[in-house]
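Shown below is the structure under consideration.
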Amino acid sequence: MPQTIRQFTVDAFTNQIFKGNPAAVCLLDNWLDDRILLHIAQENNLSETAFIVPQGDEFLLRYFTPKAEIDLCGHATLASAFVLHHILANPPENVVFHTQAGKLSVQKQDDLFLMDFPVFELQKLENVAQIGAILGVMPQEVYLGRDLLCVFDDENVVKNYQADHAKIAQLDGLLCHFTAKSTQFDCISRSFAPKLGIGEDPVCGSGHCHILPYWAKVLGKNRLIGYQASARSGILHGEIKGERMILGGQAVLFAKSEIYVNV
């Protein structure tokens, strides 16, 4: 007999369905084989499928793209907290997740879910011309943390860029982010993840652990609002606190389902 798993599809960093970044959230009693988790993520074919296992009053959380497991995902963390707040009879004030990136807590405040995330340290790169030649557009500056951060002086370059995913995959970093100062928000960005089997990530939370700290230093402010200019679009709220940051966003439920897996 196959095992039945409850699954929720949540659009994160938005309050409208068909916007933001969709994540699937699967509720497990215990871990299944990693091969099965990856197959579920491939079947969902979303940028992220999150798997939650309860551990006392806290939760274990893992993230899978259609290609591989990763250590941290912002929109899937937000979606996971959203699901728990809607299914638990008495959700805790702070939902605590244990991930490969460490302990993460998420607090609900009005219609925002506020996530305590790490800030990625950025190293400035000197080979800007080489990177620009590969991308086909020339960044003003380039930094490397977990991901590659390409900074432009014109937000229209970010909005209108036609990505060559095979070329982006040649560059350093797990993901590649384009960002510029925005006329409407503090900053604008787009995120590409061909190494993870994702062309463009609609709204990348962990990417903003690079993007928002960079702009906090440039703009001289600790509270920022970022706009992800993908086709789906999304809005992210950030507050920088040294080596940590609060990353916030809204979420909306798109679907509830049951999936059936032979284990």
Side-chain angles (χ1 to χ4, degrees), residues 6-8 10 12-13 21 23-32 34 37-38 40-41 47-65 68-122 145-147 173-175 177 191 193 196 201 203-214 216 222-224 226 236-251:
R6 285 189 295 168
Q7 179 171 278
F8 301 79
V10 176
F13 295 114
N21 201 351
V25 179
C26 294
L27 304 181
L28 305 176
D29 295 323
N30 46 61
W31 291 119
L32 304 177
D34 285 6
L37 300 182
L38 181 59
I40 293 172
S47 62
E48 217 71 50
T49 297
F51 298 93
I52 299 174
V53 172
Q55 186 181 61
D57 294 331
E58 299 178 349
F59 301 89
L60 306 177
L61 177 60
R62 296 172 68 184
Y63 318 96
F64 282 77
T65 76
E69 182 176 12
I70 64 170
D71 61 345
L72 180 65
C73 176
H75 84 279
T77 303
L78 194 163
S80 298
F82 175 89
V83 168
L84 292 176
H85 267 274
H86 281 77
I87 67 165
L88 296 178
N90 296 295
E93 181 178 346
N94 287 301
V95 177
V96 177
F97 295 114
H98 296 271
T99 75
Q100 291 185 3
K103 184 177 178 180
L104 307 175
S105 64
V106 185
Q107 182 178 7
K108 189 174 187 298
Q109 187 176 95
D110 299 324
D111 59 348
L112 289 178
F113 288 86
L114 304 177
M115 303 176 286
D116 178 9
F117 267 23
V119 167
F120 286 104
E121 184 178 349
L122 295 175
R146 183 199 69 177
D147 306 336
L174 186 64
L175 289 84
H177 309 289
S191 300
L196 298 173
D201 194 19
V203 190
C204 187
S206 62
H208 278 77
C209 296
H210 303 71
I211 296 165
L212 293 179
Y214 168 83
N222 288 334
R223 292 175 181 260
L224 304 97
L236 308 95
H237 300 255
E239 181 180 0
I240 312 304
K241 296 186 172 185
E243 296 180 353
R244 306 290 297 182
M245 65 178 289
I246 303 301
L247 183 65
Q250 297 172 283

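Just so it is clear, the model here is predicted, and its values are computed rather than measured.
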side-chain contact (heavy atoms from CB on, under 4.5 Å) assessment of Phe8 paired with Ile87: CA-CA 11 Å; Phe8 301 79; Ile87 67 165; 3.7 Å; yes

At what distance, to the nearest 0.5 angstrom, does CG of Leu175 lie from SG of Cys204? 5.0 Å

Run the side-chain contact (heavy atoms from CB on, under 4.5 Å) check on Tyr63 and Thr77 step by step: do they pass? CA-CA 9 Å; Tyr63 318 96; Thr77 303; 2.7 Å; yes

Can you tell if the side chain of Leu60 reaches within under 4.5 Å of the side chain of Leu28, non-hydrogen atoms only? no

Kindly give the heavy-atom pair with the smallest separation between Val10 and Ala251, and that separation in Å. CG1-CB, 3.8 Å

Please find the pair of heavy atoms, one from Asp29 and one from Val53, that lie closest to each other, and give the distance. O-CG1, 3.7 Å

For atom CZ of Arg244, decide whether the heavy atoms of other residues, nucleotides or ligands shown that lie under 6.0 angstrom number more than 12. yes

Could you measure the distance from the CG atom of Leu78 to the CE atom of Met115? Nearest 0.5 Å is fine. 4.5 Å

dist Ile40:CD1 -> Thr49:OG1 (nearest 0.5 Å) comes out at 8.0 Å

Could you state the interatomic distance from NE2 (His208) to CG (Leu236), rounded to the nearest 0.5 Å? 4.5 Å

Worked verdict on Val83 versus Ile52 for side-chain contact (heavy atoms from CB on, under 4.5 Å): CA-CA 10 Å; Val83 168; Ile52 299 174; 5.6 Å; no

Which atom names give the shortest non-hydrogen contact between Val203 and Asn21, and what distance separates them? O-ND2, 2.6 Å

Which residues pass the side chain to side chain donor-acceptor pair (under 3.5 Å) test with Asp111, not counting sequence neighbours? Gln250

What are the two closest heavy atoms between Gly238 and Met245, and how far apart are they? CA-CE, 4.4 Å

Within the 4.5 Å heavy-atom criterion, are His237 and Leu247 side-chain neighbours or not? no

Which residue pairs pass the side-chain hydrogen bond (donor to acceptor under 3.5 Å, both in side chains) test when at least one of the two sits in residues 80-96, sequence neighbours left out? none

Which heavy-atom pair separates Leu122 from Gly145 by the least distance, and what is that distance? CD2-N, 3.9 Å

Taking it one step at a time, do Asp34 and Arg62 satisfy salt bridge (Lys or Arg N to Asp or Glu O under 4.0 Å)? CA-CA 10 Å; Asp34 285 6; Arg62 296 172 68 184; 3.0 Å; yes

To the nearest 0.5 Å, how far apart are CD in Gln100 and CD in Glu69? 4.0 Å

I need the Leu38 CG to Leu32 CG distance, nearest 0.5 Å. 12.5 Å

Ser105 and side chain to side chain contact (heavy atoms under 4.5 Å, CB included): which partner among Ile246, Asp116, Val95? Asp116

Does Phe59 form a side-chain contact (heavy atoms from CB on, under 4.5 Å) with Leu27? I'd like the steps, not just the answer. CA-CA 10 Å; Phe59 301 89; Leu27 304 181; over 6 Å; no

Nearest non-hydrogen partners of Leu61 and Phe97, listed with the distance: CD2-CG, 3.7 Å

Answer yes or no: is there a side-chain heavy-atom contact under 4.5 Å between Pro91 and Leu84? no

Heavy-atom donor-acceptor pair, Lys241 side chain to Glu243 backbone, under 3.5 Å: no

Only one of Pro118, Cys209, Ser206 passes side chain to side chain contact (heavy atoms under 4.5 Å, CB included) with Arg146; say which it is. Ser206

Where does the angle between the aromatic ring planes of His210 and Phe120 fall among parallel (under 30°), tilted (30 to 60°) and perpendicular (over 60°)? parallel

